[in-house]
Participant: 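Below: one structure in structure tokens.
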Amino acid sequence: MDLSTELIDWYQQNKRDLPWRNTTDAYLIWLSEIILQQTRVEQGMPYYYRFAEKYPTVSHFAKAPEDDILKLWQGLGYYSRGRNMLKTAQLVQQQYNGVFPTTYQELIKLKGIGEYTAAAISSFSANEPRAVVDGNVYRVLARFFGIDEPINSPKGKKLFQQLADEALNRQHPALHNQAMMEFGAMLCKPRNPACGICPVRLGCVAFASNATTALPVKLKTVKVRKRFFNYLLITDGGNLLMNKRGEGDIWANMYDLPLIETDGLMEPEALLQLPEIVDFFGENAVIKQKTTVIKHILTHQQLFIRFVILDVAPLKLKKNWFYTTVRNTENLAMPKTIFIFIKDFFNF
DNA sequence: AACCCGGGGGC
DNA sequence: GCCCCAGGGTT
């Protein structure tokens, strides 16, 4: 038996009884599909009941004030879904005389309906042979066929849509799509998949190679964190206030200057007003000099560094702060940017 | 192609 | 803290 047949068998024995599975009303299916976008079934369920009761047809929905829709949507997140639904309901009411479309070609034109949702509605309401590709389907296909192409690359998306199309049971599109997703949600889960009771484990490439945890592959956009470092330089000419960095951050256990990290770019004058600064330096700290902001690029972080030369001695020392002679800074392991600044400042 | 949108749950 | 959830729209 092929994958689809096996999964449909599994589905018919193990499926959850979900309200939107007991109808072919395209409007109600649309309602459920929009609610369930990026939303767990358990979270979306009460919203589905409330919407279906208050707006039993698309005509009822189309007449609703946007405030009412958003109020009912409250707590579900991604609120543009609610706004798009109203636009779509109004369009369906006017252009389609209140009859919700069931063909992929018509559905895909509507606000808030993309490839997945168009495939879902058309297959569930009219058995149009369109393969859905959602998070579950990506996972099931990637594991079963052992595909390590990233699911969120353009190439990967195309590949998985092709695989899904090939795997589609064209005699039973609705059943097939439901089965694929339910299987992914209940058994072939992201973590701790129940391979022990999986009906298709013998045909599963990932199971055979013990690679289920590694699939699917997802490109994680190496998101670069922006950080704002305000370094304080405090010296009497011979001695310099330094800081020894701790664990768990860049430059661990190395040395730098007393650091005030802020959430955004902050002018030194404003910096001195921060309660934490006042606590250490009093209210009479004078800015003797300040540098421009230096951009320091690391792999995962962009540091915006500014040095502020203060004409004040701290009232007390923070943990890890200590004085050393300017000469001795040459013996301390420091980030290059810091060391260069100190070297230039003291002209050695 | 990158970014934004959100609350909730699992680990 | 990070990942993921029945994704889609905008730039």
Participant: Taking atom P in both B:dG8 and C:dG8, compute the distance separating them and give it to the nearest angstrom.
Facilitator: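 Each nucleotide's P atom is 22 Å from the other's.
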
Participant: Mind checking if A:W73 touches a base, just sugar-phosphate, or nothing, with heavy atoms under 4.0 Å?
Facilitator: nothing

Participant: Which part of the nucleic acid, if any, lies within reach of A:Q178 when heavy atoms closer than 4.0 Å are counted: base, sugar-phosphate only, or nothing?
Facilitator: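 Result for A:Q178 = base.
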
Participant: Evaluate the criterion salt bridge (Lys or Arg N to Asp or Glu O under 4.0 Å) for residue pair A:R306 and A:E267; output intermediate values, then yes/no.
Facilitator: CA-CA 9 Å; A:R306 168 141 51 197; A:E267 290 307 311; 3.3 Å; yes

Participant: Under 4.0 Å, counting only non-hydrogen atoms across every strand here, what does A:I35 touch: a base, just sugar-phosphate, or nothing?
Facilitator: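 Contact class for A:I35: none.
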
Participant: If you only use heavy atoms from C-beta on, which nucleotide in C:dG8, B:dG6, C:dC4 is closest to the side chain of A:K218?
Facilitator: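 My answer, after comparing the listed nucleotides, is C:dC4.
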
Participant: Here's a test of your reading of the structure: between A:K155 and A:Y78, which maps to the more 5' nucleotide of DNA chain B?
Facilitator: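 Result: A:K155.
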
Participant: Whole angstrom is fine here: how far is it from CD1 in A:I151 over to P in C:dA6?
Facilitator: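 So the CD1-P distance, A:I151 to C:dA6, works out to 13 Å.
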
Participant: Does C:dG7 have OP1 or OP2 under 4.0 Å away from a side-chain N or O of A:Q38?
Facilitator: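 Yes, within the criterion.
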
Participant: When rounded to the nearest 0.5 angstrom, what distance separates CD1 in A:I277 from CG in A:L310?
Facilitator: 8.5 Å

Participant: Just how far, in rounded Å, is C1' of C:dA6 from NE2 of A:H176?
Facilitator: 14 Å

Participant: Using a heavy-atom cut-off of 4.0 Å across all strands, would you classify A:R83 as base, sugar-phosphate, or nothing?
Facilitator: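 Answer is nothing: A:R83 stays at 4.0 Å or more from every strand.
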
Participant: Mind checking A:L18 for me? I need base, sugar-phosphate or nothing, with any heavy atom below 4.0 Å counting as a touch.
Facilitator: base

Participant: Taking only N and O in the side chain of A:K109, is any of them less than 4.0 Å away from OP1 or OP2 of C:dG8?
Facilitator: no

Participant: With a 3.5 angstrom cut-off on both distances, give the Watson-Crick or G-U wobble partner of B:dC11, or none if there isn't one.
Facilitator: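 Pairing partner: C:dG1.
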
Participant: Nearest to the side chain of A:R191, heavy atoms from C-beta on, is which of C:dA6, C:dG9, B:dC11?
Facilitator: B:dC11

Participant: Counting side-chain heavy atoms from C-beta on, which of C:dG9, C:dC4, C:dA6 comes nearest to A:R40?
Facilitator: C:dC4

Participant: Nearest heavy atom decides the nucleotide; on that basis, is A:S153 or A:L76 closer to the 5' end of DNA chain B?
Facilitator: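 The 5'-side residue here is A:S153.
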
Participant: Taking A:T88 for its side chain and A:K111 for its backbone only, find out whether a donor-acceptor pair lies under 3.5 Å.
Facilitator: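 Checked: pair present.
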
Participant: To the nearest Å, give me how far apart CG (A:N192) and C1' (B:dC11) are.
Facilitator: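 Whole-Å distance recorded here is 9 Å.
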
Participant: Please report the distance, rounded to the nearest Å, between CE in A:M186 and P in C:dC5.
Facilitator: 15 Å

Participant: Tell me if a side-chain donor or acceptor on A:D311 pairs with a main-chain N or O of A:V286 at a distance below 3.5 Å.
Facilitator: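 Checking the backbone N and O of A:V286 against the side chain of A:D311, no donor-acceptor pair under 3.5 Å is found.
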
Participant: Please state how far atom CG in A:L215 lies from atom P in C:dC4, giving the value in whole angstrom units.
Facilitator: 12 Å

Participant: Step by step, work out the side chain to side chain contact (heavy atoms under 4.5 Å, CB included) result for A:W73 and A:L76.
Facilitator: CA-CA 6 Å; A:W73 200 272; A:L76 199 50; 3.7 Å; yes

Participant: Counting heavy atoms from C-beta on, name the nucleotide in C:dC3, C:dA6, B:dC5 closest to the side chain of A:D134.
Facilitator: C:dA6

Participant: Between A:I113 and A:A185, which residue's closest nucleotide on DNA chain C lies nearer the 5′ terminus?
Facilitator: A:A185

Participant: Over all heavy atoms of both residues, which pair between A:L271 and A:L232 is shortest? Give the atoms and the distance, please.
Facilitator: CD2-CD2, 4.4 Å

Participant: If you pin A:L110 and A:R16 to their nearest nucleotides in DNA chain C, which one's is more 5'?
Facilitator: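 The residue mapped nearer the 5' terminus is A:R16.
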
Participant: Calculate the interatomic distance between A:Q43 atom CD and C:dC5 atom C1'; express it in whole Å.
Facilitator: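 That distance rounds to 8 Å.
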
Participant: Could you work out the separation of C:dA6 and B:dC11 based on their C1' atoms and round it to a whole Å?
Facilitator: 22 Å

Participant: In whole angstrom, give the distance that lies between atom OH of A:Y116 and atom P of C:dG8.
Facilitator: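 From A:Y116 OH to C:dG8 P: 8 Å.
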
Participant: Using the side-chain heavy atoms of A:Q37, tell me which of these nucleotides is nearest: C:dG8, B:dC11, B:dC5.
Facilitator: C:dG8

Participant: Could you check whether the side chain of A:R81 and the base of B:dC5 have a donor-acceptor pair of N or O atoms closer than 3.5 Å, going by distance alone?
Facilitator: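 Per atom types, no contact qualifies.
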
Participant: What is the distance, rounded to the nearest whole Å, between atom OH of A:Y138 and atom P of C:dG7?
Facilitator: 10 Å

Participant: A:F61 and A:W30: ring-ring contact (aromatic ring centres under 6.0 Å, His included), yes or no, with the steps?
Facilitator: CA-CA 12 Å; A:F61 200 111; A:W30 167 70; 5.6 Å; yes

Participant: Side chain of A:T117, heavy atoms from C-beta onward: which of C:dG9, C:dG8, B:dG9 has the nearest atom to it?
Facilitator: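 So the side chain of A:T117 is nearest to C:dG8.
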
